[in-house]
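None of these values were measured; they are calculated from a predicted model.
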Amino acid sequence: MAQTFTDLEIVVVDDCSSDRTWAIAESMAARDGRIRMVRNPCRLGLVQNWNRSICHCTGKWIKFLFQDDLLHEHCIERMLSAANADQNSTPKAFVVGDRDFLIEDGVANHLRLFYESSVVTLKDIFQKRSFIGPEALSKAIIERGVGLNFVGEPTSVMVKREMFTKYSFLTNI
């Protein structure tokens, strides 16, 4: 809600949460007309809930944000700027932003150690580069080997909505 780019829709799809998620989201939606709420009639699970979320989005770009994620206030603005940076190049279908981890107190030491020392990020691969073209990203994926996920979770990516129609089984988008 605090994004510097404000012309956006916020679609909340609740997958039958058992806590106060729905009530909290309703309260926020009452104060912000950009928020639309959808509640699943039965639990769909992680991936099907993502798919349902996509089906309810109407914007040109889709950016996931999950219940345990934080989004930098300039994230959407910067991702859209990167998507439109070079008007002479091939239109971009997705934009990747770097991620960081905030580890809460109480997380098991082996998990903390994993995230602090084993996870590879875009910063690790590309150092201080602020723009990574599709060729460089593809080359890094090939050179670093399959299975090394330095791009990150779905929240690290913003995807053009038409890509879901073009390359997925989602038929009612």
Side-chain angles (χ1 to χ4, degrees), residues 1-84 91-108 110-112 114-116 118-122 137 147 149-173:
M1 289 172 50
Q3 288 297 298
T4 54
F5 182 85
T6 59
D7 184 18
L8 52 88
E9 67 178 345
I10 302 170
V11 179
V12 177
V13 180
D14 180 62
D15 196 24
C16 300
S17 58
S18 58
D19 58 10
R20 291 191 18 83
T21 297
W22 185 257
I24 293 168
E26 269 186 324
S27 171
M28 296 170 92
R31 296 188 315 265
D32 191 328
R34 299 174 301 172
I35 300 174
R36 282 191 300 111
M37 310 249 323
V38 178
R39 190 176 226 173
N40 295 338
C42 63
R43 189 162 184 77
L44 299 178
L46 188 69
V47 175
Q48 288 303 321
N49 194 56
W50 295 349
N51 291 341
R52 186 141 195 253
S53 300
I54 293 165
C55 292
H56 285 278
C57 294
T58 62
K60 184 176 180 180
W61 290 91
I62 294 176
K63 172 88 175 85
F64 287 110
L65 185 67
F66 302 123
Q67 73 280 1
D68 60 347
D69 295 332
L70 299 173
L71 194 61
H72 189 279
E73 64 186 358
H74 298 287
C75 181
I76 304 293
E77 177 183 4
R78 289 178 180 166
M79 289 182 114
L80 286 171
S81 178
N84 298 313
K92 290 149 190 93
F94 74 93
V95 179
V96 179
D98 204 6
R99 72 199 201 273
D100 204 355
F101 298 97
L102 299 173
I103 310 297
E104 296 177 310
D105 290 337
V107 169
H110 72 282
L111 286 175
R112 180 181 300 281
F114 171 76
Y115 281 102
E116 290 175 348
S118 299
V119 172
V120 178
T121 67
L122 288 170
L137 183 62
N149 180 8
F150 54 84
V151 170
E153 301 71 29
T155 55
S156 299
V157 179
M158 187 171 70
V159 181
K160 220 173 214 178
R161 186 175 186 276
E162 67 191 44
M163 293 298 106
F164 291 104
T165 310
K166 188 172 183 178
Y167 296 108
S168 77
F169 296 109
L170 301 175
T171 57
N172 60 343
I173 308 182

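Rounded to the nearest 0.5 angstrom, Leu111 CG and Ile103 CD1 are separated by 8.0 Å. Here the straight-line distance linking atom SG of Cys55 with atom CD of Gln48 works out to 9.5 Å at 0.5 Å rounding. In this structure, CD1 on Ile54 lies 9.5 Å from CZ on Arg161, to the nearest 0.5 angstrom. With rounding to the nearest 0.5 angstrom, the OG atom of Ser81 is 12.5 Å from the NE2 atom of His74.
Remark: the backbone N or O of Leu44 is not paired with any side-chain donor or acceptor of Asn49 at under 3.5 angstrom. Between the Arg112 side chain and the Glu104 main chain, a donor and an acceptor come within less than 3.5 Å of each other. Side chain of Asp69 to backbone of Leu65: no donor-acceptor contact under 3.5 angstrom is found. A distance-only check finds a donor-acceptor pair linking the side chain of Gln3 to the backbone of Ile76 [under 3.5 Å]. Under the 3.5 Å distance criterion, the side-chain polar atoms of Arg43 are matched with a main-chain donor or acceptor of Asp15.
With sequence neighbours excluded, the residues forming a side-chain contact (heavy atoms from CB on, under 4.5 Å) with Arg34 are Met1, Thr6, Leu8, Ile10, Asp32, listed by chain and number.
Within a 6.0 Å sphere centred on OH of Tyr115, other residues, nucleotides and ligands contribute 12 heavy atoms or fewer. At most 12 heavy atoms of other shown residues, nucleotides or ligands fall within 6.0 angstrom of atom CZ in Phe94. Summarising the local packing, CE of Met37 is surrounded by more than 12 heavy atoms from other residues, nucleotides or ligands at distances under 6.0 Å.
The aromatic rings of Trp50 and Phe66 lie parallel to each other, with less than 30° between the two planes, well short of the 60° mark.
Contact detail for Val38 and Trp22: the closest heavy-atom pair is O-CZ3, 3.5 Å. Residues Cys16 and Cys42 share a closest heavy-atom pair of SG-C, 3.4 Å. Considering every non-hydrogen atom in both Ser156 and Arg99, the closest pair reads OG-CD, 3.5 Å.
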Practice prompt. Show the numbers, then the answer: is there a side chain to side chain contact (heavy atoms under 4.5 Å, CB included) between Lys166 and Glu162?
Written response: CA-CA 6 Å; Lys166 188 172 183 178; Glu162 67 191 44; 5.8 Å; no
Practice prompt. List the steps and the verdict of side chain to side chain contact (heavy atoms under 4.5 Å, CB included) for Leu80 and Met158.
Written response: CA-CA 9 Å; Leu80 286 171; Met158 187 171 70; 3.6 Å; yes
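Residue Asp14 forms a side-chain contact (heavy atoms from CB on, under 4.5 Å) with just one option from Glu26, Arg39, Gln67, and that option is Arg39.
Applying the side chain to side chain donor-acceptor pair (under 3.5 Å) test to residues at least two apart or on different chains, the pairs with a partner in residues 56-66 are Glu9-Thr58.
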